[in-house]
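Have a look at the structure below before the remarks.
Throughout, a chain's letter reflects where its sequence line sits, starting with A, and its residues are numbered from 1. Hydrogens, waters and symmetry mates are skipped; everything else that's a heavy atom, side chains included, is used.
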Amino acid sequence: MPELPEVENVRRSLQELVVNKTIEHVKVYLPRIVRTPDDSLRFQNSLEGCTILGVDRRGKYLVFDLPPYKLISHLRMEGQYRLREGTDEMAPHTHVIFHFTDGTELRYRDVRQFGTMDLVGPSDPLPSGFAALGPEPFDEALTPETFYRLIHKRSAPIKAVLLDQKCIAGLGNIYVDESLFGAQIHPGRTASQLKKHQVATLLVEIRAVLERAILAGGSSIRTYTNGYGRHGGFQIQLKVYGREGQPCFRCGTLIEKTRVAGRGTHFCPSCQPAPSRRRVRPRNFASERSTLK
DNA sequence: CATGGGTCCTGAGTGC
DNA sequence: TGCACTCAGGACCCAT
């Protein structure tokens with residue numbers, strides 16, 4: 001589950017490992033990974049002779065600068081890049097290999113096969129999800145006021161809104177739960193009901209959590225490693241994610257796990273009080289009357 | 001338009 | 001021990 005901190009660490013490792021390498025040829029073993037062009041043979045042929053000038057990140061996407069192309073790669077759940085020697089043993093679930101002229105290879109592995117690659121030329125449209133991305137969390141233009149404007153018209157639970165990449169880019173299930181804990185906001189709270197000061201606190205917490213996670217090398221929950229094969233260390237700093245049944249570090253109440261927005265959701269029922277249930281959708285006239293008293 | 005549920009996929013975990 | 005079953009989730013598709 002690479003989210004922004006993990007993808008950023010992959011980016012940094014690849015920036016060190018593959019910049020200025022020239023592609024001799026590419027081999028795609030699982031065509032479904034390549035979304036564009038439709039034909040993975042064209043993907044292979046186009047990249048022949050291209051040199052990687054840089055590796056950028058936007059949200060959870062890696063962007064390889066391969067003039068005249070951009071290779072836009074999403075790791076989804078378990079995508080992994082590793083630089084290896086051509087003679088190294090092949091790991092299972094290796095789906096795409098970029099062979100470089102110096103005999104090394106950038107190998108893409110993905111057990112669940114959810115990851116995607118889009119190769120776009122200068123006049124090609126960007127992948128729709130990429131084009132629609134909201135602001136980067138660390139963008140200075142994202143002020144508490146602009147963040148409030150993005151959120152206050154949404155009737156969905158705040159957790160669903162934060163997971164929406166069109167609202168803010170790069171957050172996933174882990175860091176949404178951690179940020180909401182930091183801001184002491186219940187994940188099921190209706191986004192539009194949040195006060196301005198809560199939204200401001202939430203932005204501060206999002207940035208703080210992401211910054212610490214990047215510094216720790218990301219969270220290795222299942223299989224995450226960077227381009228060197230190194231695991232991250234932030235999983236031991238998580239305060240709610242994966243800690244159901246364990247005491248809250250702030251107040252000692254046991255952390256609970258529920259479902260919000262279709263996702264496993266961790267929170268402290270004491271630090272993050274649940275929204276009032278009294279006014280939620282009366283079933284019939286009688287119950288409405290009793291609510292109104 | 002916004003929202004929410006189903007879908008893709010495989011390995012780990014659970015229960016009998 | 002073995003097997004069937006459930007769960008995990010990011011983005012996309014689709015119905016409401």
Side-chain angles (χ1 to χ4, degrees), chain A residues 1-8 10 28-36 38 57-63 72-81 91-96 108-118 120 125-134 136-137 149-180 187-194 210 213 218-225 232 235 238 240-245 256-267 275 280-281:
Chain A
M1 35 211 92
E3 304 177 32
L4 190 151
E6 291 75 31
V7 178
E8 176 59 22
V10 174
V28 176
Y29 296 94
L30 186 66
R32 60 176 297 136
I33 299 289
V34 177
R35 286 197 306 191
T36 39
D38 309 338
R57 180 193 58 73
R58 175 81 172 93
K60 302 176 198 171
Y61 293 85
L62 288 167
V63 182
I72 302 175
S73 169
H74 198 302
L75 306 172
R76 292 288 182 96
M77 303 304 299
E78 302 199 30
Q80 282 180 301
Y81 281 103
H93 309 292
T94 300
H95 304 313
V96 182
Y108 179 75
R109 251 192 103 199
D110 191 343
V111 171
R112 295 203 197 167
Q113 308 178 12
F114 276 7
T116 58
M117 294 184 194
D118 294 275
V120 298
L126 294 169
S128 59
F130 184 87
L133 286 173
E136 285 290 320
R149 249 174 267 141
L150 286 170
I151 284 175
H152 90 289
K153 283 192 176 154
R154 305 281 301 259
S155 63
I158 183 62
K159 168 148 185 173
V161 174
L162 294 179
L163 286 173
D164 180 0
Q165 302 299 297
K166 295 191 285 299
C167 174
I168 183 168
L171 295 178
N173 205 37
I174 297 171
Y175 298 110
V176 165
D177 281 6
E178 293 297 311
S179 301
L180 288 170
R189 272 241 131 81
T190 301
S192 59
Q193 289 175 353
L194 294 180
L210 293 179
S219 301
S220 289
I221 299 296
R222 278 180 50 88
T223 56
Y224 164 75
T225 64
Q235 62 278 7
L238 294 173
V240 285
Y241 187 88
R243 293 197 65 247
E244 61 267 30
E256 289 183 9
K257 181 175 182 182
T258 55
R259 265 187 119 68
V260 176
R263 299 285 173 251
T265 298
H266 313 73
F267 68 102
V280 166
R281 263 190 295 157

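Listed nucleotides dG4(B), dA8(C), dA2(B) differ in distance to R154(A); the shortest reach to its side chain belongs to dA2(B). Listed candidates were dA8(C), dG10(C), dG4(B). Nearest to the side chain of F114(A) is dG10(C). The nucleotide whose nearest atom lies closest to any side-chain atom of Q113(A) is, among dG11(B), dC12(C), dC9(B), dC9(B). Distance from the side chain of Y241(A) is smallest to dG9(C) among dA11(C), dG4(B), dG9(C). Side chain of H74(A), nearest nucleotide from dA2(B), dG11(B), dA11(C): dA11(C). Looking at the side chain of R259(A), the nearest of the listed nucleotides dA8(C), dA11(C), dA2(B) is dA8(C). Residue R32(A) places its side chain closer to dC9(B) than to any other of dA8(C), dA2(B), dC9(B).
Counting non-hydrogen atoms under 4.0 angstrom, Y175(A) reaches nothing in the nucleic acid. Here Q165(A) lies in heavy-atom contact (under 4.0 Å) with sugar-phosphate atoms only. Residue contacts shown for G129(A) are limited to sugar-phosphate atoms, with no base heavy atom under 4.0 Å away. P92(A) comes within contact range of no nucleotide atom at all, as no heavy-atom separation falls under 4.0 Å. Looking at heavy-atom distances under 4.0 Å, K257(A) makes contact with sugar-phosphate atoms alone, never a base. Residue S155(A) is in sugar-phosphate contact alone, with no base atom involved, counting any heavy-atom pair closer than 4.0 Å across all strands shown.
The separation between H93(A) atom NE2 and dC8(B) atom P is 19 Å, rounded to whole Å. The distance from atom NZ of K159(A) to atom P of dA2(B) is 22 Å, rounded to the nearest whole Å. We find that CZ of R76(A) is positioned 5 Å from C1' of dG10(C), with the value rounded to whole Å. In this structure, L162(A) places its CG atom 13 Å from P of dA11(C), rounding to the nearest Å. Here dC12(C) presents its P atom at 9 Å from CG of L133(A), a figure rounded to the nearest Å. The NE2 atom of H266(A) sits 8 Å away from the P atom of dA8(C) (whole-angstrom rounding). Atom pair D177(A):CG and dG10(C):P shows a separation of 10 Å (rounding to whole Å applied). When the P atom of dG9(C) is taken as reference, atom CD1 of I174(A) falls 8 Å away, rounded to whole Å.
Ion pair D164(A)/R154(A) flagged as a salt bridge, since at least one NZ, NE, NH1 or NH2 atom sits closer than 4.0 Å to an Asp/Glu carboxylate oxygen. Ionic pairing of K60(A) and E3(A) is not present here: no N-O contact between side-chain nitrogen and carboxylate oxygen is shorter than 4.0 angstrom. Ionic pairing of E78(A) and R109(A) is not present here: no N-O contact between side-chain nitrogen and carboxylate oxygen is shorter than 4.0 angstrom.
Relative orientation of the Y241(A) and H266(A) rings is tilted, given thresholds of 30° and 60° on the angle between their planes.
Applying side-chain hydrogen bond (donor to acceptor under 3.5 Å, both in side chains) to T265(A) and the options K159(A), E256(A), E244(A) leaves one that passes, K159(A).
Side-chain contact, S73(A) with Y108(A): no donor N or O sits under 3.5 Å from an acceptor N or O.
Where V161(A) and R263(A) each meet DNA chain B at their nearest nucleotide, the meeting point lying more 5' is that of V161(A). Taking the nucleotide of DNA chain C with the nearest heavy atom to each of R112(A) and S128(A), the more 5' of the two is matched to R112(A).
Between K166(A) and the phosphate of dA2(B), there is no side-chain N or O to OP1/OP2 separation shorter than 4.0 Å.
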